[in-house]
Peer 1: 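Before anything else, here's the structure in question.
As a basis for the values below, the full set of heavy atoms in this structure was taken, side chains included, without hydrogen atoms, waters or symmetry mates. On a predicted model such as this, the values are computed, not experimentally measured, just so you know.
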Amino acid sequence: GIQVEQSPPDLILQEGANSTLRCNFSDSVNNLQWFHQNPWGQLINLFYIPSGTKQNGRLSATTVATERYSLLYISSSQTTDSGVYFCAVINTGANSKLTFGKGITLSVRP
Amino acid sequence: NAGVMQNPRHLVRRRGQEARLRCSPMKGHSHVYWYRQLPEEGLKFMVYLQKENIIDESGMPKERFSAEFPKEGPSILRIQQVVRGDSAAYFCASSAASTNYGYTFGSGTRLTVV
């Protein structure tokens, strides 16, 4: 099946810093989503972005489907950004099944 | 416009008991997916259902686990004779017929087997 790799596995930032989280995938996709799992375990949908660029406040994401990667940018980080960030994809023709990466654990320190 | 509703949020069962997890999809969504998250791991696909049909159960353990999505009512994930290894967070997601807007997840049910 499709492989999803996220990097770096862990990231520690000082409040106010910017960061880039990366997601590589091994095959063509027709769905890519970024999720934030907060410290309470809730899974928040950040972006649905199978291709192109989107922005939502301090967050933005870019997916280059032809090169099989996606980037999530966090600017002016805040302590509430802490948690685990997951990239999840649906392999083209894979019957709607999302495959998740292992996640990136972000800690933002005050 | 309520999102995906899962209940209970927390469930404690003794070994050998049954666990029933419920998921009500977003209004207008007819596709339901169950995922399991073991401690310190990502989410793993379990099963994909539409009303009264199991579309893909390739991620379900062969024994003790079953899922349904009846014509009326929520989707149910049922675990019989639970063991400690079943302790995990179970998430449900729903989507419309078209997935052009992605999947929405519920808040999950955290199952603890003691």
Peer 1: Check the surroundings of atom CD in Q50(B): do more than 12 heavy atoms from other residues, nucleotides or ligands lie under 6.0 Å from it?
Peer 2: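 Yes, the 6.0 Å shell around CD holds more than 12 heavy atoms from other groups.
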Peer 1: Would you compute the distance between atom OH of Y103(B) and atom CG of L43(A) and round it to the nearest 0.5 angstrom?
Peer 2: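 Answer rounded to 0.5 Å: 14.0 Å.
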Peer 1: Is it true that atom CZ of R58(A) has more than 12 heavy atoms of other residues, nucleotides or ligands lying nearer than 6.0 Å?
Peer 2: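 Enclosed: over 12 neighbouring heavy atoms sit under 6.0 Å from CZ of R58(A).
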Peer 1: Check the surroundings of atom NZ in K51(B): do more than 12 heavy atoms from other residues, nucleotides or ligands lie under 6.0 Å from it?
Peer 2: yes
Peer 1: Near Q80(B) CD, under 6.0 Å, is it more than 12 heavy atoms from other residues, nucleotides or ligands?
Peer 2: yes
Peer 1: Looking only at heavy atoms, which two atoms of K97(A) and S58(B) are closest? And how far apart?
Peer 2: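 K97(A) and S58(B) have their closest heavy atoms at NZ-OG, 3.2 Å.
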Peer 1: Which answer fits F35(A), side chain, backbone, both or neither, if we ask what part of it has an atom under 4.5 Å from a heavy atom of chain B?
Peer 2: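 It is the side chain, since no backbone atom gets that close.
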Peer 1: Flag yes if more than 12 heavy atoms outside E63(B) fall under 6.0 Å of its CD atom; otherwise flag no.
Peer 2: no
Peer 1: Could you give the distance from OG1 (T104(B)) to CD (Q33(A)), rounded to the nearest 0.5 Å?
Peer 2: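 Separation between the atoms: 7.5 Å.
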Peer 1: Side chain, backbone, both or neither: which part of Q6(A) has a heavy atom under 4.5 Å from chain B?
Peer 2: neither
Peer 1: Can you confirm whether more than 12 heavy atoms, excluding those of R109(A), are under 6.0 Å from its CZ atom?
Peer 2: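 It does not: R109(A) CZ has 12 such atoms or fewer within range.
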Peer 1: Evaluate the criterion side chain to side chain contact (heavy atoms under 4.5 Å, CB included) for residue pair L98(A) and L43(B); output intermediate values, then yes/no.
Peer 2: CA-CA 9 Å; L98(A) 270 175; L43(B) 282 75; over 6 Å; no
Peer 1: Evaluate side chain to side chain contact (heavy atoms under 4.5 Å, CB included) for Q37(B) paired with F86(A), printing each intermediate quantity in order.
Peer 2: CA-CA 12 Å; Q37(B) 184 178 30; F86(A) 289 104; 3.6 Å; yes
